[in-house]
Amino acid sequence: MSTTPPVITDAAPSFHDEQARRRRTYVILMVVHIVGFAASYPLYLWTPVAGVVAVVLTGVLPWVAVLLANDAGRRGGGRQGVGRRKRTLPASTAGATPGVVVVPRHHAP
């Protein structure tokens with residue numbers, strides 16, 4: 001059972017939550033980079049090709065870590081620009097035609 005409440009809004013995550021996600025992504029990838037880079041020397045002693053492959057694969061991880069950490073949520077969690085998505089009432093509201101927003105008229109007294 002999940003302890004996080006369901007999201008019922010299109011609002012962007014808080015600045016603190018977004019920064020925490022970015023920091024966590026960066027730290028995880030950099031730990032993988034350091035461990036892989038440290039393991040490349042024993043791999044090189046075992047098989048030189050494996051050591052070189054490990055250095056090449058872990059060599060791109062800092063670049064990938066920066067790209068993912070600086071990603072402002074293009075994968076679904078980030079802020080959306082104003083006007084990118086139109087918000088309309090459901091079609092079942094007041095017998096409206098799909099895609100048409102019904103705005104009630106206010107009569108002056």
Connected via hydrophobic side-chain network under 4.5 Å: [X] and [Y]:
| X | Y | result |
| --- | --- | --- |
| Leu61 | Trp63 | yes |
| Val49 | Leu57 | yes |
| Met30 | Val35 | no |

Non-hydrogen atoms of His33 and Pro62 that approach each other most closely: ND1-CD, 3.7 Å

Ser40 and Ala54: which non-hydrogen atoms are nearest, and at how many Å? CB-CB, 3.8 Å

Check: Thr47 side chain, Ala50 main-chain N or O, donor-acceptor pair, under 3.5 Å: no

Run Tyr26 and Leu68 through side-chain contact (heavy atoms from CB on, under 4.5 Å) and show every step you take. CA-CA 7 Å; Tyr26 183 79; Leu68 291 178; over 6 Å; no

Rounded to the nearest 0.5 Å, how far does CG of Leu67 lie from OG1 of Thr25? 12.0 Å

As an exercise, state the distance from CD of Glu18 to CZ of Arg22, rounded to the nearest 0.5 Å.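 If we round to the nearest 0.5 Å, Glu18:CD and Arg22:CZ are 4.5 Å apart.
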
With a 4.5 Å limit on heavy-atom distance, are the side chains of Thr58 and Val32 in contact? no

